[in-house]
Amino acid sequence: MEDTIPTTHNPTLGIAGEEAPLADHLRRILNNRRGCIAVHIHLSRLRPYHREPTHVRIAVRAFEYLSNNYDANLYVAANCDLVLMCRDVRVNDIDVAIRKLRNLFAEDPLIFGDDGGRGERFASWYDLEADHEVFSRVLDALIAEGRRITENKESRGAAAELGKPMDARSLAAVVDRLHHTRIADLVSQQAAVEVSGPGDGRILFREHFVSIADLKKRVAPGVHLLSDFWLFQCLTETLDRRMLAVHGRRDLATASRPVSLNLNISTVLSADFDAFAMRIGDKADKVVVELQQIDVFADLALFRRARDRLRRDGFAVLVDGVNPLGMQYFDPLMLGADYIKVNWSGNLLSSEFKGRLRRMRDAVADIRDTIVLARIDHEDAIRVGMEIGVTRFQGRFIDRLVSAMAADGPA
Amino acid sequence: MAIGTDNRRLPSQENLFLDYVQRLHDHKEGRRMLHIHMSGLRPYNRRDHHLRIAANGFEQVIKSLQGQLFTLANSDLILVFRQEAQSEVETSVVKLRFLFGDDPLLVPESDGIDRFCTWYDADARYGEILDLARSMVADEKAREAQVEAEQEAKVALRVKQEFGEPITPATLARLEEALSRADLSNMVRRQYASAIVGSAAPQPVFSELFISIRDLQEAMTPGVDLTADRWLFQHLTGVLDRRVLALLRKDDYFTLSGDISFNLNVSTLLSPEFLAFDDSVTASRRGTMVVELQQIDIFRDLGAFLFAREFIKERGYRICLDGLRRDTLGFIDREGLGLDLVKLIWSPDMATEDEREIEHLRSLVARVGGDRVVMSRCDTRQSIDFGQAIGVGIFQGRHVENLIAEEHRKQELLSRKRRRG
């Protein structure tokens, strides 16, 4: 361990890392370590979405009781790991706080993939009377990590690049600009395929979409479009109308496979959509309409109206953005959609733990013919997907397969 | 028998009367019936206190178990009594005649027919009495249906008239700016979620504090429909969340009696503002607070929802999931999601006569737990009746507020009477 600890910076909380005071603490007790315990809680091993500032602040709170009532101190390292230093505190009392954290992060693969036994990856315990040396090395590693994070300016630079958070005022300006902007050249495509065997695939439909990065460049430079979830949703209502205007009968007549479009339910029930439906006439069967899960559940009656309206004209209906976790809580079969798009997440890969995979398989058994597993970036995802009985996929890894298929001949 | 200040709250009086008459069949001997046509009196003679005085006149007969009184929805009184009490009843009627002596109904006419009272011998005229009871039940049912239809139509019209221009991002920006300077404390409303069993008085379970969107709309953006765009409205609720939290931190809200609830977005629960609020609340007070989360938040980001739920549960708050409808109630695994209560929004189209549908709803409510379901937006009697029919135990809405106010008035009258001795 070094004598002087450099000041580190915790970019998540925007405060200094506490490696130096922790090292001080360790030094103070060096000659009287009786009853001293250190617990290292590896928040840095959680998924990024569980390492937002509030998550860390809330995690810190779980130790308030200990530090207020015992000889216990909590330190937050630059990488958001927590270290609890205490003396004469019963392991059971510490465990209460750790268990609270485990409950909070129960849906993180780090927790549900952890059997809580010897190989516990979430929390490491050190009896400082005996393991003092080992813990010193842990601290050294934390300090090195803290220094690396502090020197790495990239993370702070990235936030600046995202631009100013979008508020209602800037949304109004963006919407206004979008109304008068040509977007046809911004439309990208991604295919969804059905895999019937090794190397044997068929294109189901091609999703047409505008990438947020391209949109931002054209209509909202300097504005962080995704900073407010609801305001971004509102922006998509205008985007819907522009997308409908782009798609005409001629393109659909020549398309070999159906095209899918992301739309709000309010758009489907609007006059703009009626005009679109009229324009494309009998080519409606060449269009899959993707509706967002949140839009669907916000008002199921409205969704049913939109679904029935689409069906009547021959459009196919897809419910997008279904969370694999959510299928434990509701039955997507009740939606009566043609397709259900489930976003792949690391959680599914980790679902090999603790029988989660089996539960997933049970959960999707009835709807596996309607599921499209999306955001497939890696072969593993296809493997797990096939294991739970899914045969339809979409994502960057699939794009590679599709280009290989195209090289072999028309799909 | 209790005399309600609002006969409509005791609609079953007609049913009770019919039921009584049917049971009377086997021991109608020696019984008489008196029908007092209070409904024929001039309105100024038909106020609540007149009805009360009239009913009180028969208190002795009823207390000595010699008679049974029914107060009908049209204010008429029906007394069935043993003939031994005939003179006592007649004495009371004389008093009533004196009381209403100035009413045209009591002025004798040339045909000599008494338009105030009709006397029956239950044994001799049983068939006539039974027909009367049946027609009263039918009339009352028709009247109820009429009133309900009018009420529902009125509610729908009111909603329709409130529709203005749909909100736009630019309007929202102006509203947010105005909100940052406005004092919202006078827009905070309080509404009780109350357990209602049968026709007994509502028992408050907790009271919800909320900013009335209608008031906000009228005061700050007249002619604009703030709810027209779902996404902009959701954003607005996030802005209001922070204001509610700030208001709740003021002392006067802490001294509010009873358990309280308030609506928050999941994103608000994970904000520094909520952490600051949480710090300002004592641990014991947290147990009396119910945080209401919108079901839309589950579908926005289930992971964030589960995290936030775990956090506030551990801090001691109770959780209510708001925004369920008939068709989403079945989706919710209350225990799996760790919810203490769920709110089911009443809408008139929920009412059905279809026994299968009612049975289905009843099983959904039972699965959640009837005492865990709050039916909200109960602005009419029909909503509560229907909720009770499907097993809901707790109700909230304008009609519940009316019932509570009524109960207060009743209690006040009773205690005043008691003081007078």
Using non-hydrogen atoms and a 4.5 Å limit, figure out which bit of [X] sits close to chain B: side chain, backbone, both or neither.
X	result
A:Q292	neither
A:E52	neither
A:A173	neither
A:L101	neither
A:N264	side chain

Count the heavy atoms belonging to other residues, nucleotides or ligands that lie under 6.0 Å from [atom1] of [X], then report whether that count exceeds 12.
X	atom1	result
A:R177	CZ	yes
A:R375	CZ	no
B:E357	CD	yes

Is the shortest side-chain heavy-atom distance between [X] and [Y] below 4.5 Å?
X	Y	answer
B:L269	A:T54	no
B:R300	A:W230	yes
A:R61	B:D278	yes

Practice task
Quick one: do B:F307 and A:I58 satisfy side chain to side chain contact (heavy atoms under 4.5 Å, CB included)? Show the steps, please.
Solution key: CA-CA 10 Å; B:F307 181 88; A:I58 288 171; 3.8 Å; yes

To the nearest 0.5 Å, what is the distance between [atom1] ([X]) and [atom2] ([Y])?
X	Y	atom1	atom2	value
A:L300	B:T328	CG	OG1	6.0 Å
A:R57	B:F274	CZ	CZ	14.5 Å
A:Q293	B:I298	CD	CD1	10.0 Å

Exercise for the section: Inspect the contact between B:E310 and A:K100 and indicate whether a charged nitrogen and a carboxylate oxygen are less than 4.0 angstrom apart. Expected result: no

Fill in the blank from the handout: Assert top hit (heavy-atom pairs under 4.5 Å, partner chain A, pool B:Q234, B:E177, B:K313) equals B:Q234

Problem - Best-contacting candidate, B:E176, B:Q295, B:R174, B:R326, against chain A by heavy atom pairs under 4.5 angstrom - result: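 Most pairs with chain A among the choices: B:Q295.
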
With a 4.5 Å cut-off on heavy-atom pairs, point out which of [options] contacts chain B the most.
options	answer
A:H50, A:R169, A:H55	A:H55
A:D167, A:T236, A:D299, A:L235	A:D299
A:L171, A:D176, A:V175, A:N103	A:N103

Contact part of [X] toward chain A, heavy-atom cut-off under 4.5 Å: side chain, backbone, both or neither?
X	value
B:R315	side chain
B:D297	side chain
B:D327	both
B:R230	side chain
B:S267	neither

Exercise for the section: Over all heavy atoms of both residues, which pair between A:E237 and B:W231 is shortest? Give the atoms and the distance, please. Expected result: OE2-CD1, 3.3 Å

Handout entry: Minimal non-hydrogen separation, B:P169 against A:C234, with atom names
Key = CG-SG, 4.3 Å

Exercise for the section: Walk me through it: do B:H235 and A:D228 pass the test side chain to side chain contact (heavy atoms under 4.5 Å, CB included)? Expected result: CA-CA 8 Å; B:H235 173 85; A:D228 183 293; 2.8 Å; yes

Handout entry: Audit row: B:F311, A:L104, side chain to side chain contact (heavy atoms under 4.5 Å, CB included) steps and yes/no
Key = CA-CA 6 Å; B:F311 165 50; A:L104 276 173; 3.7 Å; yes

Problem - Steps toward side chain to side chain contact (heavy atoms under 4.5 Å, CB included) verdict (B:L232, A:L231) - result: CA-CA 6 Å; B:L232 293 181; A:L231 294 183; 3.8 Å; yes

